[in-house]
Structures are given as structure tokens and as C-alpha cells.
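Please read all numbers here as calculations on a predicted model, not as lab measurements.
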Amino acid sequence: MKNWEYQITRYRVQNVGNDEESAAGKTILCDSKGECFLHDTSKVAEDMIRDAFNEEGKGGWELVQFGYHIGELLCVWKRMVD
């Protein structure tokens with residue numbers, strides 16, 4: 001039987017773009033139903049998210065789920081334990 005351990009991490013999501021941009025400068029946007037999506041596909045936003053995910057992956061963690069809430073990306077990870 002496989003045994004798993006879990007962890008939850010939070011990453012502060014910085015808005016990418018200058019002050020002259022309005023909602024278009026947001027990295028992650030949420031609609032009125034609470035569904036969130038990656039909005040800014042700039043290199044800076046991609047690198048920020050990729051680097052955070054790769055860092056956990058180096059430790060053997062597999063991303064199970066992630067969501068966005070009030071400026072933070074909340075991630076649930078799992079990895080097999082012996």
C-alpha cells in the first residue's frame with residue numbers, strides 16, 4: 001500500500017505591469033463566480049510560477065491542486081513516503 005505525505009504552500013503573487021495598466025496588469029484574475037485563471041502570460045509571471053513549482057518538484061513533491069485567494073497562490077502537494 002502506498003503512503004503519502006502532504007504539504008500546503010502559499011506564494012505571494014505579485015501583479016505584473018506598470019501603474020498605468022488596470023486589470024490588464026494582473027497576473028491572476030478571478031471572475032464573479034470565483035473562478036481564477038492566469039491572465040498575465042508575460043515572461044515574468046511565467047517564470048515566477050514555474051520557478052515556484054520546480055523548486056517543490058526538486059524535493060519530490062507532486063502538485064495535486066492549486067488555487068488563488070487574495071493575492072496568494074495556494075498549492076497542495078503530495079509525495080510518496082517509504
Side-chain angles (χ1 to χ4, degrees):
M1 181 173 155
K2 293 181 182 179
N3 291 310
W4 303 94
E5 66 177 329
Y6 296 88
Q7 76 170 354
I8 296 173
T9 57
R10 295 173 186 264
Y11 303 94
R12 186 81 186 141
V13 176
Q14 298 175 358
N15 291 330
V16 178
N18 60 39
D19 292 336
E20 296 174 9
E21 297 179 80
S22 59
K26 303 288 185 186
T27 302
I28 296 176
L29 291 180
C30 300
D31 64 17
S32 61
K33 296 178 184 176
E35 295 177 2
C36 302
F37 55 94
L38 183 64
H39 174 73
D40 178 0
T41 57
S42 71
K43 180 81 168 121
V44 174
E46 290 172 8
D47 289 350
M48 178 185 64
I49 294 170
R50 184 201 63 233
D51 291 348
F53 287 3
N54 282 338
E55 189 63 31
E56 297 301 331
K58 288 177 187 176
W61 294 100
E62 176 183 348
L63 182 65
V64 175
Q65 183 177 12
F66 72 93
Y68 178 77
H69 182 69
I70 310 176
E72 290 185 327
L73 190 62
L74 183 124
C75 299
V76 178
W77 306 86
K78 74 175 184 178
R79 70 178 171 187
M80 197 179 333
V81 293
D82 295 325

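To the nearest 0.5 angstrom, Asn3 atom CG is 9.5 Å from Asp82 atom CG. Between Glu72 atom CD and Arg10 atom CZ the span is 5.0 Å, to the nearest 0.5 Å. Of the inter-residue distances, the one linking Lys78 atom NZ with Gln65 atom CD reads 12.0 Å to the nearest 0.5 angstrom.
With sequence neighbours excluded, the residues satisfying ring-ring contact (aromatic ring centres under 6.0 Å, His included) with Phe53 are Phe66, Trp77. For Glu55, there are no side chain to side chain donor-acceptor pair (under 3.5 Å) partners at least two apart in sequence or on another chain.
Cluster membership check: Ile8 does not share its hydrophobic cluster with Leu63, using side-chain heavy-atom separations under 4.5 Å among Ile, Leu, Val, Met, Phe, Trp and Tyr. No single ILVMFWY cluster, assembled from side-chain heavy atoms under 4.5 Å apart, contains both Trp4 and Trp61.
Using a 4.0 Å cut-off between a side-chain N of Lys or Arg and a carboxylate O of Asp or Glu, Arg79 and Glu62 do not qualify as a salt bridge.
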